[in-house]
There are 2 protein chains.
Amino acid sequence: MAFVPVTRASVSDLVFGQLRDAIVSGTYRTDDTLPGERELATTFQVNRHAVREALRRLQQLGLVRISQGGATRVLNWRVHAGLDLALSLVRSGDVLPVATLVRDMMDMRACIGVDAARLCARRADDAARRRIVRAVEEFADLAPDLTAMGEANIAVWRLILDGCGNTAYLLAFNSLVAGALAVAEVPPQRRATELLDVTGHRRLASAIADGRDVEAAEEARSLLTAALTAPTRKDSRA
Amino acid sequence: MAFVPVTRASVSDLVFGQLRDAIVSGTYRTDDTLPGERELATTFQVNRHAVREALRRLQQLGLVRISQGGATRVLNWRVHAGLDLALSLVRSGDVLPVATLVRDMMDMRACIGVDAARLCARRADDAARRRIVRAVEEFADLAPDLTAMGEANIAVWRLILDGCGNTAYLLAFNSLVAGALAVAEVPPQRRATELLDVTGHRRLASAIADGRDVEAAEEARSLLTAALTAPTRKDSRA
DNA sequence: GTTCCCAACTGGTCCAACCAGTTGACGGGT
DNA sequence: ACCCGTCAACTGGTTGGACCAGTTGGGAAC
């Protein structure tokens, strides 16, 4: 286990984390009013500004609605929160089952990655195509160092997402990568299967380079779904 | 044009908006150092606390890296920002071309919606299936009031995303809906085509109700891509 | 020339006061 | 008895200033 940079959580980070967890875990329910800032400050034994910063961030995540003069109310995060909430939840603790959440995020990575590969094969300019081919070769050269390959793999996908020209895909990928992969909660066995499939990545790169969009999508699908467990939570019915 | 609730932007909102736009538009480049908090405070003529709140939010969005003692540096948002940035950008101004961004988000909605419909048909429990069928009927009853249908349509999709059991999809959908649809920047003609296809929605609902996942995905695809313009930015090559 | 130390930055936290909206209870008018 | 305006007592929003805590870089000591 290698050493890792220490992270200093600021006071407002801690307040933010506690409040976020309390809301997501259901301690506060939708439309409940949060205690006032002054009260929270004395409860957490911190300054009111720290509480304010935390509340602002909760608001930005879509967890609360703040209104001057009135109380701060809890929103239904399943309705108002954005994808960044998933990232925030994965990074800290088991408020929601992290394993499930990571699996969901990997599903989404596959969903987006496939379409991005398809679009990239259709739209990317020549320079981008060349960069992707080169990146895949650099990725292949790193075998079998899984850690290095993992990073190179992300670089490859980032180029693909760049080339597909869809900014939303790119940003979503950032949320997912930072959340799911950086935490390394992905089943190592399956992740390894994906990473070690060098020829699959080469086929993907050449499909993109040649503009064969359907094949690119197919290669992407087979790569990205290798890490996904088949079992559904409650199996098919009827 | 109906009246609309006034929105009061707080001081830190304004500072946040200006800094975000400056970063995304490239006024500051990656690894540039932002001016110090005290300097920003005098520049914006606000208190330092307001600046701090804004910077915190920029950090949460993935636009800057703050480090005590050191300077606050600008990150490459194409690498570090999450999907919520798209929402934030759409809501205010044309820092990035909003039309393009909205189109990207509609693409992503389609990408996710199709998979969610498929998963929902496979995994949802009976109660969820019934709720979806009912919601589609309520949606159908509202024709031809496009505004009301738009809201009901979102409610339908929310149920589908709930039923598919993928929290990441659900959260991403929130980001997209709040960003793209609420702003109503979607070409009205195409949006109307989608909404008025009541029978298409009925087919989708019954496919989900019966667990026919492939057909559900197909129906979802035809509904969700109706609003998408075919032309790619730079067309297929080689 | 190298090394070490400290002054002068940076952001982080706190206190205390006051501004600005919202809410609800209380009291006068109908 | 009911309605309605008023106002006090909340809520969050903003400000100023002080001090703590890390980082940085230049200059003194070696």
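Because only heavy atoms are used, hydrogens play no part in the values below, and waters and symmetry mates are left out as well, while side chains stay in. Each chain gets a letter, A, B and so on, in the order its sequence line appears, and its residues count up from 1.
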Carboxylate-amine/guanidinium contact [X] [Y], below 4.0 Å:
{"X": "Arg78(A)", "Y": "Asp162(B)", "result": "yes"}
{"X": "Arg191(A)", "Y": "Glu194(A)", "result": "yes"}
{"X": "Asp13(B)", "Y": "Arg57(B)", "result": "yes"}

Open item on the list: Any residue in residues 9-24 of chain B with a heavy atom nearer than 4.0 angstrom to DNA chain D? Just list them by number, or reply none.
Closed with: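 Residues of residues 9-24 of chain B that come under 4.0 Å of DNA chain D are, in numerical order, Ser10(B), Val11(B).
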Task: Those residues of residues 40-61 of chain A lying under 4.0 Å from DNA chain D by at least one heavy atom - done: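 By residue number: Arg48(A), His49(A), Arg52(A).
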Short question: side chain of [X], backbone of [Y] - any donor-acceptor pair under 3.5 Å?
{"X": "Arg129(A)", "Y": "Gly163(A)", "answer": "no"}
{"X": "Ser88(A)", "Y": "Asp84(A)", "answer": "no"}
{"X": "Arg56(A)", "Y": "Arg56(B)", "answer": "no"}

Task: Near-strand residues of residues 68-75 of chain A, defined as heavy-atom separation under 4.0 angstrom from DNA chain C - done: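 Hits under 4.0 Å, by residue number: Gln68(A), Gly69(A), Gly70(A).
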Can a side-chain donor-acceptor contact be found between [Y] and [X] if the only test is distance below 3.5 angstrom?
{"X": "Tyr169(B)", "Y": "Asp104(A)", "answer": "no"}
{"X": "Arg52(A)", "Y": "Asn47(A)", "answer": "no"}
{"X": "Arg29(B)", "Y": "Asn76(B)", "answer": "no"}

Open item on the list: With a strict under 4.0 Å distance from non-hydrogen atoms of chain A, what nucleotide opens and what nucleotide closes the contacted stretch of DNA chain D, reading 5' to 3'?
Closed with: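 Using the under 4.0 Å cut-off, the span is dT11(D) to dT23(D).
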Task: Stem list, DNA chain D (Watson-Crick or G-U pairing under 3.5 Å, at least 3 consecutive pairs) - done: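 Listed by first number, the stems are C:1-30 with D:1-30.
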Task: 5' priority, DNA chain C, between Glu37(B) and Arg8(B) [closest heavy atom] - done: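 By nearest-heavy-atom nucleotide position, the 5'-most residue is Glu37(B).
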Do [X] and [Y] have side chains that get closer than 4.5 Å, going by heavy atoms?
{"X": "Leu63(A)", "Y": "Leu75(A)", "answer": "no"}
{"X": "Arg109(B)", "Y": "Leu224(B)", "answer": "yes"}
{"X": "Asn166(A)", "Y": "Arg103(B)", "answer": "no"}

- [ ] Check each of Leu40(A), Asp32(A), Leu34(A) against Thr72(A) using the side chain to side chain contact (heavy atoms under 4.5 Å, CB included) test, and report the only one that passes.
- [x]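 It is Leu34(A); the other options fail the test.
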Task: Geometric class of the His201(A)/Phe139(A) ring pair [parallel <30°, tilted 30-60°, perpendicular >60°] - done: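 Taking His201(A) first and then Phe139(A), their aromatic rings sit tilted (interplane angle of 30° to 60°).
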Task: Counterpart residues, salt bridge (Lys or Arg N to Asp or Glu O under 4.0 Å), relative to Arg65(B) (two or more places apart) - done: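 Once residues adjacent in sequence are excluded, Arg65(B) has no partner under the salt bridge (Lys or Arg N to Asp or Glu O under 4.0 Å) criterion.
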